[in-house]
2 protein chains.
Amino acid sequence: MDRQGDPNEQGFLGSHDHTHCKAEVALRVIQGRWKLLILRELIQAVRRFSDLHKALPGVSQKVLTAQLRELEADGVLSRTIHPEVPPRVDYALTDLGRELLPVLDGLHAWGERIGSPRTADRTITAPVAGSRPTA
Amino acid sequence: MDRQGDPNEQGFLGSHDHTHCKAEVALRVIQGRWKLLILRELIQAVRRFSDLHKALPGVSQKVLTAQLRELEADGVLSRTIHPEVPPRVDYALTDLGRELLPVLDGLHAWGERIGSPRTADRTITAPVAGSRPTA
DNA sequence: CTGAATCCGACGAGATACTG
DNA sequence: CAGTATCTCGTCGGATTCAG
């Protein structure tokens, strides 16, 4: 019974390419100090630049702009410019961005299982080790 | 029927804390030039340091060691030292590390939907914009 | 209001040499 | 074999200033 399709081809596990896999691509997209926070804001509603700036204490305009542009370039969110005299720009999740949410949720769920990193047990599981090949 | 628990508490979407959420914690763990590749190698089998070094062309010992140590500190993998004369160290996924795999798979699946970033359409969806609040 | 431009410090990661 | 120790460089993010 030869299954020439894909026995255990589940994506990440099945990609035995020695180079970068698609998971890295996805990772790069959400990579950034404020990307996750931005996405989380846009889940709730369409936001203006000033809304995001206020909702994300500590971010500078430069970085916020940069990360928004990257997310836009990656198709995660859309940028709508209202050509009014006081400029107004709306940011909203795209369909692709919405498809990312379940993944982020999985990430969040796993993150909860961590709790406090670098404070775990440290069980070395040391074997008896009696072999000494080269004396 | 009042559910005082959590109406739409789904983790990432439900965490409206203005600070960092658990998804960022998870993200930091898998953050690193070779972390994903390392994990992918360890899915298949327990690996020795030299195995990983050979399987990951381009990585230096320093960085490989560093990222392995971080993953170990985060409880994703275990480090087993065989006190033999030619030193031998085995790296293996922990249960926590294995629980991460489905998440990485989701990440990979989403990454496939990207394809070629920065080459998408660029539809600005410009509104008619007739309002001029401050003339 | 939204954003660009510049300067800066911190960190990640590569190259190389050395060690138990 | 499996690291450690330095050095360097590129990138990321923060602060500030200027502009449409």
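Owing to the predicted nature of the structure, the values given are computational and were not obtained by experimental measurement. Chain A is the first sequence line, chain B the second, and so forth, proteins listed ahead of strands; every chain is numbered from 1.
Under the 4.5 Å side-chain criterion, counting only non-hydrogen atoms from C-beta, B:Arg28 is not in contact with B:Val25. Counting heavy atoms from C-beta outward, B:Gln67 and B:Ile38 have side chains that approach closer than 4.5 Å. Counting heavy atoms from C-beta on, the side chains of B:Leu68 and B:Phe49 come closer than 4.5 Å.
Put simply, CG on B:Asp51 is 10 Å from P on D:dC1, counting in whole angstrom units. Across the protein-nucleic acid pair, B:Asp90 atom CG and D:dG3 atom P stand 11 Å apart, rounded to whole Å. Atoms NE2 (B:His82) and P (D:dG3) sit 11 Å apart, rounded to a whole Å. Distance A:Leu68 CG to D:dG13 C1': 15 Å, rounded to the nearest Å.
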Just the table, please: protein N/O against nucleotides 4-10 of chain D N/O, every pair under 3.5 Å.
{"unit_1": "D:dT4", "atom_1": "OP1", "unit_2": "B:Arg69", "atom_2": "NH1", "d": "3.1"}

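Comparing the end axes of the helix from C:dC1-D:dG20 to C:dG20-D:dC1, each fitted to five base pairs by superposing C1' atoms of four pairs onto the next four, gives an inter-axis angle of 40° (nearest 10 degrees).
A distance-only check finds a donor-acceptor pair linking the side chain of B:Thr94 to the backbone of B:Gly75 [under 3.5 Å]. Between the side chain of B:Trp110 and the backbone N or O of A:Leu96 there is at least one donor-acceptor pair closer than 3.5 Å. B:Lys35 contributes a side-chain N or O that, together with a main-chain N or O of B:Val29, makes up a donor-acceptor pair within less than 3.5 Å.
When DNA chain C is scanned in the 5' to 3' direction for atoms under 4.0 Å from non-hydrogen atoms of chain B, the outermost contacting nucleotides are C:dA13 to C:dG20.
Each side-chain hydrogen bond (donor to acceptor under 3.5 Å, both in side chains) pair with one or both residues in residues 49-60 of chain A, not counting sequence neighbours, would appear here, but there are none. Residues in residues 41-50 of chain A take part in these salt bridge (Lys or Arg N to Asp or Glu O under 4.0 Å) pairs, two or more places apart or across chains: A:Glu41-A:Arg47.
Shown are A:Leu100, A:Val46, A:Leu42; of these, the side-chain contact (heavy atoms from CB on, under 4.5 Å) with A:Leu93 is made only by A:Leu42.
Closest of all the heavy-atom pairs between B:Arg40 and A:Cys21 is NH1-CB, 3.6 Å.
Using a 4.0 Å cut-off, some side-chain N or O of A:Trp34 falls inside it from OP1 or OP2 of D:dG14.
Each of B:Tyr91 and A:Val63 was matched to the nucleotide of DNA chain D holding its nearest heavy atom; the match closer to the 5' end belongs to B:Tyr91. Nearer to the 5' terminus of DNA chain D, by closest-nucleotide assignment, is the contact made by A:Gly32 (compared with the other of A:Pro87 and A:Gly32).
Taking the salt bridge (charged side-chain N to carboxylate O under 4.0 Å, His left out) definition, one finds that A:Arg113 meets it with B:Glu99, sequence neighbours left out.
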